[in-house]
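Sequential numbering from 1 along the given sequence is applied to the chain's residues. These numbers come from the heavy atoms of this one structure, side chains and all, not from hydrogens, waters or symmetry mates.
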Amino acid sequence: MVQIEKELSYAWIFNEYPSYQDNRRFVSQETGNLYIAKVEKSDVGNYTCVVTNTVTNHKVLGPPTPLILRNDGVMGEYEPKIEVQFPETVPAERGTTVKLECFALGNPVPTILWRRADGKPIARKARRHKSNGILEIPNFQQEDAGSYECVAENSRGKNVAKGQLTFYAQPNWVQKIDDIHVAMEESVFWECKANGRPKPTYRWLKNGDPLLTRDRIQIEQGTLNITIVNLSDAGMYQCVAENKHGVIFSSAELSVIAESPDFSRTLLKRVTLVKVGGEVVIECKPKASPRPVYTWRKGRELLRENERITISEDGNLRIINVTKSDAGSYTCIATNHFGTASSTGNVVVKDPTKVMVPPSSMDVTVGESIVLPCQVTHDHSLDIVFTWSFNGHLIDFDKDGDHFERVGGQDSAGDLMIRNIQLKHAGKYVCMVQTSVDKLSATADLIVRGPPGPPEAVTIDEITDTTAQLSWRPGPDNHSPITMYVIQARTPFSVGWQAVSTVPELVDGKTFTATVVGLNPWVEYEFRTVAANVIGIGEPSRPSEKRRTEEALPEVTPANVSGGGGSKSELVITWETVPEELQNGRGFGYVVAFRPHGKMIWMLTVLASADASRYVFRNESVRPFSPFEVKVGVFNNKGEGPFSPTTLVYSAEEEPTKPPASIFARSLSATDIEVFWASPIGKNRGRIQGYEVKYWRHDDKEENARKIRTVGNQTSTKISNLKGSALYHLAVKAYNSAGTGPSSATVNVTTRKPPPSQPPGNIIWNSSDSKIILNWDQVKALDNESEVKGYKVLYRWNRQSRTSVIETNKTSVELSLPFDEDYIIEIKPFSDGGDGSSSEQIRIPKISTTAASAIAHLKSEAQGRSEDRCLFYSSFLIFVGSQHTKQELLCSQVPIACATLQPHNIITQLMKTLATSPNAALTGPQLSLSLLIILTQAFLNLIIIRCVVGDCLQMQRRLFPWHRQVLNCSWSRLCLLKRHLFTMKLQSPEFQSLFTEGLKSLTELFAKENHELRIAGGAVRDLLNGVKPQDVDFATTATPTQMKEMFQSAGVRMINNKGEKHGTITARLHEENFEVTTLRIDVTTDGRHAEVEFTTDWQKDAERRDLTINSMFLGFDGTLFDYFNGYEDLKNKKIRFVGHANQRIQEDYLRILRYFRFYGRIVDTPGDHDPETLEAIAENAKGLAGISGERIWIELKKILTGNHVNHLIHLIYDLDVASHIGLPANANLEEFIKVSKNVEGFSPKPMTLLASLFKVQDDVTKLDLRLKISKEEKNLGLFIVKNRKDLIKATDSSEPLKPYQDFVIDSREPDAIGRVCELLKYQGEHGLLKEMQQWSVPPFPVSGHDIRKVGISSGKEIGALLQQLREQWKKSGYQMEKDELLSYIKKT
């Protein structure tokens, strides 16, 4: 049975419960009958039929039917008997859902299987229900039609039901007819088309009546043609398409127009301009039906046609070879059956434009600048436009402004200047001149001479142990003959490419072979050639193949042969190994020769290892510290080489036999003690090289004691880094290279109490008459600390590292320092236990003479009340121009002076002063209006400091809306001072993992030279997020010059030691590179690049960084330095610019994309942006047009691989960023949303996702022109745009992956599988993606050689056959083997 569309559904109730269906029970939705394949005892009971209307959901129950089990026999096993089956022929309409029913009785219970009789697989969309009793085919299509079989089978046999599923479709319009308005006597043509099965037939109706072919009316299937239309043809027409399953109509109205000529909407052009000698066409197009007859008049005279003047059939007037006499008014007159009309226009004749000074072809050299002239004469009443093209493309003066510029200045001159000409500028230049009456051009060819191009095909023709014969082909000479070639070589041991010696010594430009001499034997070389001409040196060629020179006898002996030391009766000999590139062959080793000094016979030892650098000779006859003559030779597989010069080496000596005497120790401080001793008493057999002091705390074990050594005759030393108030034990031994001698007696010493731990507080400084007065609170020592004896004041110039010290026993000091320098000052107490904790550094800025006078005046007015002191310090803040001074005052003086005042009291005080003297000059205590405004800003600084939490801009709006305009100019600077410095300690495993041997050496080096060094930027952000950074950048107060001197003196290799301009030096320690940059300030910026100035101010360096989360520093003790709430923003997952977004973006417009990138990396949810930030991005988006495409593409790729990509791309379009970074204006954002969901979790390449924005392949090409994407990325984008709809899985096949596999086979590209996998991610075919990733491309088993073997020799035939065999192989699912394919040739 079959179901197509049913309004009734059937079910059965068994003993008041719904009867479920399984392989024994089946309810037919055609008849409503209940079938039980094999009745069991559990089936006995009452059955009630339930019929439901699926439209109204109304149910009706039938009467109960009892099922009683008979007792008169037992039913035996029997084969299936099909009780429910579908008809022999089942017609089905396109798009419907077809259900076929099949159920059988039998014992055992039969199983039901479905199949197609033609052997094709049933479509994957088909579903099976009710234990296979129903086959459902949704969305029925023509390919689903065919013969279907239901197979019922059990152990007793099987039975088959068959039926034909046929396809039909009602007519469906493909092309309809539309309304037509035509003029009389014209023709009408209509065509309608429809699909259907069976194919529909057509007929036509006019006003509801049948229309037949006659006279002017021709009907053929779906076409209607009416010629010479008249008014009687007007009416409503219908095209009717029908088959036995339905009929459809398409209607249209034919309107016939009959009217006299009318110019009201198509007047002649009022003025037509034309040049002398030119051609003019005046159009005459009145509205008229039927078509009118045309005549023309010039002025009042009828115009007649001649060789210059013609009138076309459609009424247009054409005049060629125009003269001045052709100027005047022209009238077109149109006449038909219904009337006459006319329209008039004027022709104005102008003088033609002529090129007077055309551009001339030129021959120039790279780097020169030239002007190509283009000067004309023209009618000055006309506007003139000059344009230039280069090699067929218009020159974009905005985009190519670095090289091309319009010059001339006169309206008759359009000269082109080309600056700094490069080879790429060679070609054809065309000056195009256009006015409203004519257009002309002039052409010039530019030949550019430059350095030669790279030579080609560098080949090693022959190679020996020390020479190589090379040959090459010349590259382009770029219009200047090549004068010479230089040969360069590279080995695994060289630093880059090095010039080599050749024969001939100078290789001229006409010589293309040379012999390289002076090579090292048994070294792998590669060579390249560089050409030169009179203009310069060109690019090098591609490297040659790598070849190894032949072996030879070794010639280089070991360096630094020496030795000594070791154990008793030993002679230790050491040397530096010969570098691998100088070993001259395989099997390299050393021959060690030695003899006692003064003897004749050498003892020899062979060491067959190229890495050997030490030999120890042991013999009881060797006396301690005896001299030996030693030399070391070399050998390899080719034979023995020379020996090194003979040197004198001493055998191992005997350790000292006597202990030091008179040991004495004393305590210097809480951390230092000093130890004294005397040389051993009596004769000592062993030579003494120095002394070893062992010391340990009383609470520790002696075996864990620490040791320090002295050198030579030194008999005292200082031991540091000890614990205070602790008892230490000490002992001393003499030592030499053989070891240590006996220990002295142990002495004891107790260190002093620790120094005070509390630093001096409340430090206040004042200035007076070139003096700085410092005051601070007294430091009180704790019970377990040494008493304070005095204080040390350390001061230095900000630009110098040398520190001066003044000691005092008071809590104040007066320094006589000039005001013309910045000073750094620290204060710390000292005691018997040593120096105590130091205060924080105080920066005292330089002060001008004028400012110093103003300060003195203000200070005299600021005695007594806290309000006066507050005004004094705030005024001081105004007068001193240094930002450092403002910062120091905000952090120290102003809070102290204003601590007792509330913000509203400060404002009240200011307003009171303003009211009493609004326009006063700065005399006495009075303040002018401008000063009060500035002071108000200063007090706002104070209020911001007192506000521990909260947004700075919100406070501005909330507290001082009345003062917003005044403060707007400086508010960003005030906000930067909101939190002077936030610190915390970081001790994470990720942080500790950074401390390699190289980094430890780097930090020790900077600490030794008193230069600050910290981790900077992104690495700090990653560490705070619990991520070990991939790259670590370092910042320092040391200048590049200081770093270079420091690294050179320490013997540290520098990879980038010429970084003074940008402040970066790269040092290499322990095989690691460390990039260190000096703190800097951006002096000027153009949105792309910045000119920098070095500084030692960490906050100023942080101010120039882009985002708060990237502006933090980290000390190597784990201290975090955060000036702009970066840690808080990172913790709250907020992305903010440092200070004002507008200013940060204008410093480098790429920061717009960096904002989006870090948003996708840090923020949890999309849409959490500051409105001011988005506003700043929108205002400055156009600045991205000046950023290089490569930099933009790097950031865009990171955005596409981050989080919230859908939100961010939409934001990029909403803020008009897309148009400036190469993204298409008419982007397919709906496709982007869909694809971004498809690829989620499958790591697509950036271009895979970006391709969804492109509608056509040209969008990819335009993106490449802007962003300079790689060839691989461009090809992937072109591939996806082309194939995303064409290459899809086969929906009617059991092998949905086959089309993709065939594409890979046919493409023969190395990365075809990779591209197809990206396409499957794009399409969301994740199952097919997994299969494709596991699939290996099978090799095609037949070659052209195989086909030749069967007797075919024609290359054309072989190619055609290979293609045919490849298609057969693909159809077989790549299973056919070579023999099967070759047999196919014989069959065909």
Under-4.0 Å salt bridge between [X] and [Y]:
{"X": "D1170", "Y": "R1136", "result": "yes"}
{"X": "D1097", "Y": "R1080", "result": "no"}
{"X": "E526", "Y": "R490", "result": "yes"}
{"X": "R1105", "Y": "D1082", "result": "no"}
{"X": "K269", "Y": "E283", "result": "no"}
{"X": "D1259", "Y": "K1255", "result": "no"}
{"X": "D1264", "Y": "K1268", "result": "no"}
{"X": "K1197", "Y": "E1273", "result": "yes"}
{"X": "E1272", "Y": "K1245", "result": "yes"}
{"X": "E1147", "Y": "R1151", "result": "yes"}
{"X": "D1106", "Y": "R1154", "result": "yes"}

Query - Set of residues satisfying side chain to side chain donor-acceptor pair (under 3.5 Å) with respect to D1214, sequence neighbours excluded - result: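 Residues passing side chain to side chain donor-acceptor pair (under 3.5 Å) with D1214: none at all.
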
Test T272 against N346 for side chain to side chain contact (heavy atoms under 4.5 Å, CB included), laying out the working first. CA-CA 6 Å; T272 300; N346 292 288; over 6 Å; no

What I want to check is whether the side chains of [X] and [Y] have a donor and an acceptor closer together than 3.5 Å.
{"X": "T353", "Y": "D438", "answer": "yes"}
{"X": "K428", "Y": "T443", "answer": "no"}
{"X": "D1258", "Y": "T1261", "answer": "no"}
{"X": "T1077", "Y": "T1064", "answer": "yes"}
{"X": "D508", "Y": "T511", "answer": "yes"}

Find out whether [X] and [Y] are in side-chain contact, i.e. whether some heavy atom of one side chain is under 4.5 Å from a heavy atom of the other.
{"X": "F1137", "Y": "S1111", "value": "no"}
{"X": "T1078", "Y": "M1043", "value": "yes"}
{"X": "V437", "Y": "V274", "value": "no"}
{"X": "Y429", "Y": "L416", "value": "yes"}
{"X": "P1040", "Y": "F1094", "value": "yes"}
{"X": "T365", "Y": "I421", "value": "no"}
{"X": "T529", "Y": "F512", "value": "no"}
{"X": "P451", "Y": "I537", "value": "no"}

Checking [X] side chain against [Y] main chain: does a donor-acceptor pair fall under 3.5 Å?
{"X": "Q1042", "Y": "T1039", "answer": "yes"}
{"X": "N1228", "Y": "E1231", "answer": "yes"}
{"X": "Q375", "Y": "V357", "answer": "no"}
{"X": "H378", "Y": "I384", "answer": "no"}
{"X": "S544", "Y": "V458", "answer": "no"}
{"X": "Q422", "Y": "N420", "answer": "yes"}
{"X": "S441", "Y": "M432", "answer": "no"}
{"X": "S480", "Y": "G450", "answer": "no"}
{"X": "T459", "Y": "A457", "answer": "yes"}

Please check if atom [atom1] in [X] has more than 12 non-hydrogen atoms from other residues, nucleotides or ligands closer than 6.0 Å.
{"X": "K510", "atom1": "NZ", "value": "no"}
{"X": "M356", "atom1": "CE", "value": "no"}
{"X": "E539", "atom1": "CD", "value": "no"}
{"X": "Q498", "atom1": "CD", "value": "yes"}
{"X": "D1031", "atom1": "CG", "value": "no"}

Shortest non-hydrogen contact from [X] to [Y]?
{"X": "D415", "Y": "C374", "result": "OD1-N, 2.8 Å"}
{"X": "G475", "Y": "I482", "result": "O-CD1, 4.2 Å"}
{"X": "V530", "Y": "P540", "result": "CG2-CB, 3.7 Å"}
{"X": "P1224", "Y": "Y1213", "result": "O-OH, 2.8 Å"}
{"X": "S325", "Y": "T323", "result": "OG-OG1, 2.8 Å"}
{"X": "T483", "Y": "N533", "result": "OG1-CA, 3.5 Å"}

Return the [atom1] to [atom2] distance between [X] and [Y], rounded to the nearest 0.5 Å.
{"X": "L1107", "Y": "R1157", "atom1": "CG", "atom2": "CZ", "answer": "9.0 Å"}
{"X": "I1194", "Y": "I1199", "atom1": "CD1", "atom2": "CD1", "answer": "12.5 Å"}
{"X": "D402", "Y": "R419", "atom1": "CG", "atom2": "CZ", "answer": "9.5 Å"}
{"X": "S1270", "Y": "L1276", "atom1": "OG", "atom2": "CG", "answer": "9.0 Å"}

_Determine whether the aromatic ring centres of residues F404 and W388 are separated by less than 6.0 angstrom._
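So the answer is no for these two rings.
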
Legend entry - Proximity of H1220 and Y1149 rings by center, below 6.0 Å: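 So the answer is no for these two rings.
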
Have a look at D326 and tell me which of R308, K350, R318 forms a salt bridge (charged side-chain N to carboxylate O under 4.0 Å, His left out) with it.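 Only one of R308, K350, R318 forms a salt bridge (charged side-chain N to carboxylate O under 4.0 Å, His left out) with D326, namely R308.
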
